[in-house]
Number of protein chains: 2
Amino acid sequence: MNIREIAKKADVSIATVSRVLNNSENVSFVTREKVLETLKRYEFKMDPWAKRLASKRTVTKVFIMISKRIMKQLNSKTGEFYSKVMEGIKNSAKANRTMIETVEMESNLDEDKLKNVNGVLLIGGDTTAEHVRFFKKIGMPLVLVDQYIPTVKVDCVVSNGYDGASYAVKYLLSQHIRKIVHIHGFLNHFGFKDRYSGYVAVMEQIGLLPKSYEYNDDIMEDMKPLVDKMLSVYGVPGAIFASNDSIAMKVIETLEDFHIKIPEDVSVIGFDGTEVGKNFIPSLTTLKVPMREMGSLALKRLLDIVYDQDVYPVRISLFTEFMKRGSSI
Amino acid sequence: MNIREIAKKADVSIATVSRVLNNSENVSFVTREKVLETLKRYEFKMDPWAKRLASKRTVTKVFIMISKRIMKQLNSKTGEFYSKVMEGIKNSAKANRTMIETVEMESNLDEDKLKNVNGVLLIGGDTTAEHVRFFKKIGMPLVLVDQYIPTVKVDCVVSNGYDGASYAVKYLLSQHIRKIVHIHGFLNHFGFKDRYSGYVAVMEQIGLLPKSYEYNDDIMEDMKPLVDKMLSVYGVPGAIFASNDSIAMKVIETLEDFHIKIPEDVSVIGFDGTEVGKNFIPSLTTLKVPMREMGSLALKRLLDIVYDQDVYPVRISLFTEFMKRGSSI
DNA sequence: TGATATGATGTAACCGGTTACAGATAAAGG
DNA sequence: CCTTTATCTGTAACCGGTTACATCATATCA
């Protein structure tokens, strides 16, 4: 049952049916009721591909919301991850006649600003359940990028940190390293939590005691106190698994200050697979996350939600790839 | 740059360009080369929606592969899960002009049978890396349903067992139950493994010793020995978390044979949210998996892979929903 | 050499929607 | 009562592909 058949049944033109379907203004009350009734009676189901194809004639507008904290990093070395994600979003937007506008997550949005916005992408680990609820309440299509909130049913695109971390730890174990420390960021960021869980799961499965330290990358503080504490309490570990490349590089720099050699004394593994990590000396062993794909997939998914009806919310996880390089044996 | 512009540049008709794009037979060598060169030069990118819309004029053929083991269950009480998944697949197929054919996973497929097959859905936890490699080698579009294999990059649709299980355990803890046993199926089935991991993670986080038993539902054996062993070694637990509804119901029946009352003596929680579980006495507390959605999403994803170019393989996880019912306090 | 089969290519209809534009009708204003 | 304006509705072009069918050149064969 397509729009033309509905039009015939309701004795109106296809344009009118389309107008009703899109809540267009200029339809009289009686006509609208008549069409709605017909749509329901014949269980009309919109063809998503036809809609998407036809919709190319209009521009779609999407808000990209990023926390101040991440926005600040965006052009620095530590900001490579989200820069690449943004690249992916922009590519996908260009290919889909979509206008994107970057907005600070902290700014409060009145209805006016959101009037002609078709959907929203919430970027990064600072996204909270509150943010999600705000947009869900007003029925705004929504996708979280690099964040997952178990308690809220909402679409998101993340990397598979659990398996990535598990792989890293198993690799180290296969190299006969058993004293493995995990240094991670805030665990309310799902990315960090997920990697942490993968690390802990493998360690405990093998019967080893997980040993982890949280590093607050917000304050950009010196890492010396943390490493100092680790060394004095725990001794020199065989390996350090850091929850991202930035942290891994900081760890390496700090360890070298302590005259500890990488990878001879300690193997260090990062996460993300950034360019800076690759060009770092020593070149960083890491788990590569397809950052551009994360961005483009997220935008694609958002457009699916905007244009297709009854999409069921899902979590989309991207595979990571282990990159053995110079910072580990 | 669309197909018409390419046609103009290459000085051929749009039909010819389409033929080249679809590796149709009837194109002369020189024309094909000319068109291919033009496509490359202008970086032609197919519009997936136009393709999908136009493709409605053809039927797509998809193989649904199920292991003998699951096939046998399909019409029994224990087979509700995959029956519902199949329903979802069929619905989606009907809406997408797709012909599906159910095939035993164990049957060996010669090239002939796969000649006009556009894609394959591999159903259930019996799918192995071998199966995947076979289809990947011949470039066959592929989606796993209710199975995930960390070592192979391939699309799959699964339920989020980790969070579901975590939720169940946390719920029990909130009811002041601390002696929680997990009874699960084969852990090479990702669904069971994932739920197991969620259970273990929460237990260990709280500092409790995880206690789990594997139940082989293949042999359809009596559960008495297993329960007997559990009771003698471990005593009567406060709760049992089973890795699916079928196991949960068997556990309840067996416990009742031991004159243990549900939920007064022991709370039992299942997983899946089947109808039989709902109608069971006592009605089963469980985590509901959107089974039909799992099926329809998998087929949708498969068609995406068949028709859109460069889709990046992902794991799609579905949310579960906790259903508090009579088998638990 | 003329009839017929074969292969390559083009034309136009079609997939199912959206929307610019035109036309009709009714209300408001002079 | 005629003109202007606002509101509603319909027609047809368009989004970017696929494919049935027609056409035409060439090869095959009696």
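Bear in mind that the values here come from a model prediction, so they are computed numbers and not experimental data. Within every chain, numbering begins at 1; the chains are lettered A, B, ... in the order of the sequence lines, protein sequences first and strands thereafter.
Counting non-hydrogen atoms under 4.0 angstrom, B:Leu21 reaches nothing in the nucleic acid. Across all strands, A:Val17 comes closer than 4.0 Å to no nucleic acid atom at all (heavy-atom distances). Residue A:Tyr307 is out of contact with every strand shown, counting any heavy-atom pair closer than 4.0 Å. Residue-level contact check: A:Phe29 touches neither bases nor backbone, having no heavy atom under 4.0 Å from any strand.
Between the side chains of B:Ser55 and B:Thr58, not a single donor N or O lies within less than 3.5 Å of an accepting N or O.
In this structure, CD1 of A:Ile6 is placed 13 Å from P of C:dG16, rounded to the nearest angstrom. When the P atom of C:dT9 is taken as reference, atom CG of B:Asp11 falls 12 Å away, rounded to whole Å. A straight line from CG of B:Leu303 to P of C:dC15 spans 19 Å, rounded to a whole angstrom. Taking atom CG of residue B:Leu39 and atom C1' of nucleotide D:dG17, one finds them 13 Å apart after rounding to whole Å. Atoms CZ (A:Arg4) and C1' (D:dA13) sit 11 Å apart, rounded to a whole Å. If you take CG of B:Asp308 and P of D:dG17, they are 12 Å apart, rounded to a whole angstrom. The distance from atom CG of A:Asn23 to atom P of D:dC8 is 15 Å, rounded to the nearest whole Å. Atoms CH2 (B:Trp49) and P (D:dT18) sit 15 Å apart, rounded to a whole Å.
Between B:Thr16 and the phosphate of C:dG10, there is a side-chain N or O to OP1/OP2 separation shorter than 4.0 Å. Of the side-chain N and O atoms in B:Asn26, none sit less than 4.0 angstrom from OP1 or OP2 of C:dG7. The side chain of A:Ser18 contributes an N or O atom lying less than 4.0 Å from OP1 or OP2 of C:dT18. Side-chain N/O atoms of A:Asn2 include none lying less than 4.0 angstrom from OP1 or OP2 on C:dC15.
Residue-to-nucleotide contacts include no donor-acceptor pair under 3.5 Å from the side chain of A:Arg52 to the base of D:dG16. Evaluation of atom-type donor-acceptor distances gives a pair under 3.5 Å for the side chain of A:Arg57 against the base of D:dC14.
Nearer to the 5' terminus of DNA chain C, by closest-nucleotide assignment, is the contact made by B:Ser13 (compared with the other of B:Ser55 and B:Ser13).
The structure places CD of B:Glu275 at 7.0 Å from CE of B:Met291, a figure rounded to the nearest 0.5 Å.
Here A:Asp304 pairs with A:Arg52 in a salt bridge; the nearest charged N to carboxylate O distance falls below 4.0 Å.
When the nucleotides C:dG10, D:dG17, C:dG16 are ranked by their closest atom to the side chain of B:Val12, C:dG10 comes out on top. With C:dA13, D:dT9, D:dG16 as the choices, the nucleotide that has an atom nearest any side-chain atom of A:Lys56 turns out to be D:dG16. With D:dT19, D:dG16, C:dG10 as the candidates, the nucleotide lying closest to the side chain of B:Arg19 is C:dG10. For B:Ser28, the listed nucleotide lying nearest its side chain is C:dT9; candidates were C:dG10, D:dC15, C:dT9. The side chain of B:Ile3 sits closest to D:dT18 out of D:dC8, D:dT18, C:dT9.
No more than 12 heavy atoms of other residues, nucleotides or ligands shown are found within 6.0 angstrom of CG on B:Asp11.
Remark: B:Arg315 qualifies as a cation-pi partner of B:Tyr148 under the 6.0 Å distance and 45° angle criteria applied to the six-membered ring.
Between B:Gly124 and B:Tyr82, the shortest heavy-atom contact is CA-OH, 3.2 Å.
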